[in-house]
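Within every chain, numbering begins at 1; the chains are lettered A, B, ... in the order of the sequence lines, protein sequences first and strands thereafter.
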Number of protein chains: 2
Amino acid sequence: MAEGAGGQSLLFLTDEQLRKGIEAMFFAYRGFTADPDRILAEKSYGRAHHRAIHFIHRSPGTTVNNLLATLGVTKQSLNRVLRSLIEDGLVESRVGRSDKRERNLYLTTTGQELERELSDAQRERMRAAYRTAGPEAVAGFRQVLEAMMDEDMRRQYERLTEGGRK
Amino acid sequence: MAEGAGGQSLLFLTDEQLRKGIEAMFFAYRGFTADPDRILAEKSYGRAHHRAIHFIHRSPGTTVNNLLATLGVTKQSLNRVLRSLIEDGLVESRVGRSDKRERNLYLTTTGQELERELSDAQRERMRAAYRTAGPEAVAGFRQVLEAMMDEDMRRQYERLTEGGRK
DNA sequence: CTTGGAATGTCAACAAGGCTGACATATTCT
DNA sequence: AGAATATGTCAGCCTTGTTGACATTCCAAG
């Protein structure tokens, strides 16, 4: 039953299986953001701030335009978040060296501290999930997620993970 | 190097691996919601409407309180969304049979059509990802997602997937 | 029967964080 | 010199989350 031409079972492609995957994504993403959200709420920041901090940490010196592309929001939206982070002394914006129109973004010491706190919390949940599921499951997890991305996002993602710091 | 007491490699639990998983979740979730978002934008609905429609479809006759617990929002927030769906004739709200304080929620024919359109789009991307990654990867994907949920969410999730329609 | 509590709905106000459009400024490229 | 680029900013709008207050309706305990 439901055997493909190559004799391989395609039961994992039924609507029922796909629906389970969809609902798993929904609930898991809530868990994924829950811990940072709690920390951020105390400091009256939101997810938008977290995302900005995360990617500035990942690519220190990145420009505003780069960040816009990674986050997929408008400059007005990002600017609001960025302005508050700069005012609060978590992010530093330096005029570009070669091209003075650009602003290079860096985390300050305070910014790095918050980044640490947030990513520790998020990593801790991830680590627990990984440990529970085991290495083979983790490999599959990443494969499916990568296949689920849009082309542009996959490029962003690969640029980050391959070219990332060692 | 990095071998546990049982001789099993723990390299998949390094901060680097965890960070990749975190970023994969971020980008994949964008892809996950992209197709429904496009359809919803045309009809001037948002993700909140999609979520309500999805879970009413999954559990026809569910009460408002049930839906609140599943979605994790306040009744006021849900009520706004629900009201517009009822006004537009996508959702029907019937007074409860045994307990008349409760409202039982159902999709109308029109509501079912939109649900179909949305879930077709979302399933299509899921199917493509599943097919690319293969059945073993899918099993791992689900395992990690389930391990990532909060207790309450996992209960919600299991109640849905186990007790769900056949 | 009355009263307390539960479930629901509604109104108002507010905030975060998306969006668009328009415009200013500085800088670089042609 | 003029066009294009990168950024910032102002104003206004939308969705979707929040809290607080209050009305209604119904069930169940006293």
Side-chain angles (χ1 to χ4, degrees), chain A residues 26 29-30 33-34 36-56 61-88 91-106, chain B residues 26 29-30 33-34 36-56 61-88 91-106:
Chain A
F26 172 72
Y29 198 78
R30 285 246 300 273
T33 56
D37 280 357
R38 261 189 295 276
I39 296 170
L40 290 157
E42 288 168 16
K43 314 205 185 313
S44 38
Y45 287 131
R47 259 181 228 178
H49 299 85
H50 184 189
R51 293 194 286 261
I53 287 173
H54 177 95
F55 286 108
I56 293 173
T62 187
T63 65
V64 173
N65 249 351
N66 270 338
L67 208 48
L68 289 183
T70 304
L71 298 176
V73 298
T74 60
K75 65 172 178 174
Q76 293 92 328
S77 197
L78 175 60
N79 192 254
R80 182 169 31 197
V81 167
L82 226 39
R83 202 188 320 164
S84 76
L85 290 175
I86 292 170
E87 277 170 7
D88 297 353
V91 167
E92 194 191 342
S93 163
R94 293 184 213 151
V95 172
R97 217 166 38 101
S98 57
D99 186 338
K100 290 175 191 164
R101 291 170 304 180
E102 296 181 344
R103 298 298 130 86
N104 297 118
L105 303 169
Y106 301 87
Chain B
F26 173 71
Y29 199 78
R30 285 246 299 272
T33 55
D37 280 357
R38 260 190 296 276
I39 296 171
L40 290 157
E42 289 170 16
K43 312 206 187 315
S44 38
Y45 286 132
R47 258 181 230 178
H49 299 85
H50 183 189
R51 293 195 285 263
I53 288 173
H54 177 96
F55 286 109
I56 293 173
T62 187
T63 65
V64 173
N65 246 355
N66 271 338
L67 209 47
L68 290 183
T70 306
L71 297 176
V73 297
T74 59
K75 63 176 177 173
Q76 292 91 331
S77 193
L78 175 59
N79 192 255
R80 182 172 31 200
V81 167
L82 228 37
R83 202 189 322 161
S84 75
L85 290 175
I86 292 170
E87 276 170 9
D88 296 352
V91 167
E92 196 192 342
S93 164
R94 295 185 212 149
V95 172
R97 215 164 42 99
S98 56
D99 186 339
K100 291 175 192 164
R101 289 168 303 182
E102 295 181 345
R103 300 290 180 272
N104 297 116
L105 304 169
Y106 302 88

Asks: Could you state the NE2-C1' distance from B:H50 to D:dT15, rounded to the nearest angstrom?
Replies: 16 Å

Asks: Can you tell me if B:S77 uses its side chain to pair, donor with acceptor, with the backbone of B:V73 under 3.5 Å?
Replies: no

Asks: Nearest heavy-atom pair of B:L82 and B:I56: which atoms, and what distance?
Replies: CD1-CD1, 4.1 Å

Asks: How long is the line joining CZ of B:R47 and C1' of C:dG17, in whole Å?
Replies: 12 Å

Asks: Measuring only between side-chain heavy atoms, which start at C-beta, is A:Y106 closer than 4.5 Å to A:V91?
Replies: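 No, every pair of side-chain atoms sits at 4.5 Å or beyond.
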
Asks: Does the side chain of A:N65 get closer than 4.0 angstrom to OP1 or OP2 of D:dT5 through an N or O atom?
Replies: no

Asks: Measure from CG on A:L68 to P on D:dT9 and round the result to the nearest Å.
Replies: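 After rounding, the reported distance stands at 14 Å.
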
Asks: Could you tell me how far apart A:L67 (CG) and C:dG18 (P) are, to the nearest whole angstrom?
Replies: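 Going from A:L67 (CG) to C:dG18 (P), I get 12 Å.
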
Asks: To the nearest Å, how far apart are B:R51 CZ and D:dT15 P?
Replies: 14 Å

Asks: Any cation-pi pair here, B:R51 with A:F26, using under 6.0 Å and within 45°?
Replies: no

Asks: Looking at CG of A:L40 and CD1 of A:I53, how far apart are the two atoms once the value is rounded to the nearest 0.5 Å?
Replies: 7.0 Å

Asks: Between A:L68 and A:K75, which heavy-atom pair has the shortest distance, and what is it?
Replies: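 Closest pair (atom of A:L68, atom of A:K75, distance): CD2-CA, 3.5 Å.
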
Asks: Side chains of B:T33 and B:R47: is there a donor and an acceptor less than 3.5 Å apart?
Replies: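 Yes, a side-chain donor-acceptor pair sits under 3.5 Å.
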
Asks: On DNA chain D, does the nearest nucleotide to B:S44 precede the nearest nucleotide to A:E102 from the 5' side, or the other way round? Give the residue.
Replies: A:E102

Asks: Provide, to the nearest angstrom, the distance between the CG atom belonging to B:D37 and the P atom belonging to D:dC14.
Replies: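 Whole-Å distance recorded here is 19 Å.
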
Asks: Which residues, if any, of residues 72-84 of chain A bring a heavy atom under 4.0 Å of DNA chain C?
Replies: A:G72, A:V73, A:T74, A:Q76, A:S77, A:R80

Asks: Rounding to an integer number of Å, can you tell me how far A:I86 CD1 sits from D:dT9 P?
Replies: 9 Å

Asks: Angle between the two end axes of the helix from C:dC1-D:dG30 to C:dT30-D:dA1, five base pairs per end, rounded to 10 degrees?
Replies: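 Computed from the C1' atoms at both ends, the axes differ by 10°.
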
Asks: Could you tell me how far apart A:R38 (CZ) and D:dG17 (P) are, to the nearest whole angstrom?
Replies: 18 Å

Asks: Set out, line by line, the N/O atom pairs under 3.5 Å between protein and nucleotides 24-30 of chain D.
Replies:
from   : atom 1 : to    : atom 2 : distance (Å)
D:dC27 : OP1    : B:S98 : O      : 3.3

Asks: Between B:A69 and A:R30, what is the shortest heavy-atom contact and its length?
Replies: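 Shortest heavy-atom contact: O-NH2, 4.4 Å.
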
Asks: Can a side chain N or O of B:H49 be found less than 4.0 Å away from OP1 or OP2 on D:dT15?
Replies: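 For D:dT15, OP1/OP2 do not have a side-chain N/O of B:H49 under 4.0 Å.
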
Asks: With the side chain counted from C-beta on, respond yes when A:Y45 and A:D88 share a heavy-atom pair under 4.5 Å apart, and no when they do not.
Replies: yes

Asks: How far apart are the C-alpha atoms of B:R94 and B:E92, what are their side-chain angles, what is the distance that settles it, and do they pass the salt bridge (Lys or Arg N to Asp or Glu O under 4.0 Å) test?
Replies: CA-CA 6 Å; B:R94 295 185 212 149; B:E92 196 192 342; 3.3 Å; yes

Asks: Could you report the tightest heavy-atom contact between B:L78 and B:A52, atom names first, then the distance?
Replies: CD1-CB, 4.5 Å

